[in-house]
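First comes the structure, then the notes that go with it.
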Amino acid sequence: MLQGASTVDELISMIPADYRQVLRKPLLVVADTATKLCHARSSLAKLDAHIVGGTLPSSLQSKAPSHQSGAEHAKSDAGRAAKDLLETKHREYQVSCLKSMQSFKRDEVTSFEESLSADKTFPVLLGALTPRFETLKKISKVVEYVQDTTAGATADTKVPKFLENPTVPILFEQVRDDLLGYLSRVRIIVESREDAVSTKKQAKKRIATDTDVEMGEIPSSSASIAEQVKYAVAAALK
């Protein structure tokens, strides 16, 4: 049944009403953390690609600092060697920053993964569930009419006796047993949503790139038409 939920709100609506509100907040926190994990993984993948490809992200792209020198010295072997050394050191600095960014993002991914582990999330949900169960036991009662044992009571006299509702612990155990299912479904929903968003962005990027290439082969008078086609296709992907 939980597999039928396509959004986190739909999933929360499937929780029995007696426990829905107390589980809403911790499940939304899990969804938010799962979203951050997806973004962190995406960022790490881009940094990994830069490392492998020997490229730099836009935030690290810059020219080596320039320094004043006479024209003759700049053209000399010593001048060229000094310039090459400066550029090399600058490139090493950029690569060092890139590796630091990669390490930081990898640690962030690990931190999010640990915070989403069942060891961390299950106790939080159970901690929200149990006090609500205790409250329901106190306020949810069933009545049973029993013989009145007070002095002077006749055999036909019955008095109400209030007992704990036997359905309360049954529902509690049902919801408790479903906690891991709620947690895993939240992550599946979030990751599926983020994958769809990423796929759509990549498709738009490819269309924009392909259209730019085609526009380069079209006379300038037709460029505006090609631009309209590009936006029309991009809009269709929304």
Side-chain angles (χ1 to χ4, degrees), residues 1-44 105 107-200 238:
M1 183 177 178
L2 298 181
Q3 285 71 20
S6 58
T7 67
V8 176
D9 284 339
E10 284 183 15
L11 178 67
I12 292 174
S13 71
M14 293 179 179
I15 300 173
D18 285 346
Y19 295 99
R20 187 177 302 148
Q21 291 305 315
V22 296
L23 293 180
R24 175 184 294 276
K25 184 175 180 180
L27 285 175
L28 289 177
V29 170
V30 169
D32 182 62
T33 304
T35 300
K36 292 176 180 178
L37 172 59
C38 290
H39 294 171
R41 283 175 173 169
S42 177
S43 298
L44 178 60
K105 192 57 64 174
D107 290 344
E108 185 179 39
V109 167
T110 300
S111 176
F112 283 140
E113 288 175 339
E114 290 177 350
S115 66
L116 288 171
S117 67
D119 289 341
K120 297 289 181 65
T121 54
F122 184 84
V124 174
L125 263 64
L126 186 60
L129 194 70
T130 303
R132 177 59 177 167
F133 169 56
E134 297 298 332
T135 298
L136 290 173
K137 282 199 302 182
K138 294 177 181 178
I139 64 178
S140 183
K141 302 291 183 180
V142 293
V143 63
E144 177 183 333
Y145 289 92
V146 297
Q147 177 66 45
D148 186 354
T149 58
T150 59
T154 66
D156 295 331
T157 304
K158 302 287 185 180
V159 293
K161 180 180 180 181
F162 299 100
L163 307 172
E164 288 186 0
N165 189 337
T167 65
V168 171
I170 293 174
L171 181 60
F172 167 74
E173 291 175 3
Q174 174 192 324
V175 176
R176 182 194 61 194
D177 293 345
D178 285 341
L179 290 181
L180 283 179
Y182 295 141
L183 289 169
S184 61
R185 190 60 192 166
V186 165
R187 292 195 60 178
I188 291 171
I189 289 171
V190 170
E191 291 177 4
S192 296
R193 181 195 68 204
E194 293 301 317
D195 284 345
V197 171
S198 177
T199 299
K200 185 179 291 187
K238 293 182 179 179

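Looking at Glu194, its side chain never comes within 3.5 Å of a backbone N or O of Val190 through a donor-acceptor pair. Although no hydrogens or angles enter the test, the distance criterion places no donor-acceptor pair under 3.5 Å between the side chain of Ser42 and the main chain of His39.
Closest non-hydrogen pair, Ile189 versus Ala5, comes out as CD1-O, 3.6 Å. Listed here is the closest heavy atom pair of Ala118 and Pro123: O-CD, 3.5 Å. The heavy-atom pair separating Glu10 from Gly4 by the smallest distance is OE1-O, 3.9 Å. Looking at every heavy atom in both residues, Arg176 comes nearest to Phe122 through O-CE1, 4.2 Å.
Contact annotation: the side chain of Thr33 never approaches that of Thr121 to less than 4.5 Å [non-hydrogen atoms, C-beta and beyond]. Asp119 has its side chain out of reach of Glu114: every pair of non-hydrogen atoms, C-beta onward, lies at least 4.5 Å apart. With contacts defined as side-chain heavy-atom distances shorter than 4.5 Å, the pair Leu171/Tyr19 qualifies. The shortest side-chain heavy-atom distance between Lys141 and Asn165 does not fall under the 4.5 Å cut-off. At a threshold of 4.5 Å between non-hydrogen side-chain atoms, the residues Leu183 and Leu27 count as touching. Considering only heavy atoms from C-beta on, Glu113 comes within 4.5 Å of Leu37 through its side chain. Ile12 has its side chain within reach of Leu28: a pair of non-hydrogen atoms, C-beta onward, lies under 4.5 Å apart. The shortest distance between side-chain heavy atoms of Glu144 and Val146 falls below 4.5 Å.
Residues meeting the side chain to side chain contact (heavy atoms under 4.5 Å, CB included) test with Ile188, sequence neighbours left out: Arg185, Ser192. Not counting sequence neighbours, the partners of Lys105 by the side chain to side chain contact (heavy atoms under 4.5 Å, CB included) test are Ala40, Ser43, Leu44, Leu47, Glu108.
Put simply, CG on Asp195 and OG1 on Thr199 are 6.0 Å apart, with the number rounded to the nearest 0.5 Å. With rounding to the nearest 0.5 Å, the separation of OG in Ser140 from CZ in Phe162 is 12.5 Å. Atom CD1 of Ile15 sits about 9.0 Å away from atom CG of Asp178, to the nearest 0.5 Å. One finds the OG atom of Ser184 at 12.0 Å from the CG atom of Leu116 (value rounded to the nearest 0.5 Å).
A salt bridge links Arg41 with Glu191: the closest approach of a Lys/Arg side-chain nitrogen to an acidic carboxylate oxygen falls below 4.0 angstrom.
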Donor-acceptor contacts, no H, no angles, side chain residues 127-134, under 3.5 Å, sequence neighbours left out:
from, atom 1, to, atom 2, distance (Å)
Thr130, OG1, Leu126, O, 2.9
Arg132, NE, Asp18, O, 2.8
Glu134, OE1, Lys137, NZ, 3.4

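Environment of NZ in Lys158: crowded, with over 12 heavy atoms of neighbouring residues, nucleotides or ligands closer than 6.0 Å.
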Steps toward side-chain hydrogen bond (donor to acceptor under 3.5 Å, both in side chains) verdict (Thr35, Arg193): CA-CA 9 Å; Thr35 300; Arg193 181 195 68 204; 2.8 Å; yes
Derivation of the side chain to side chain contact (heavy atoms under 4.5 Å, CB included) call for Val22 and Arg24: CA-CA 6 Å; Val22 296; Arg24 175 184 294 276; over 6 Å; no
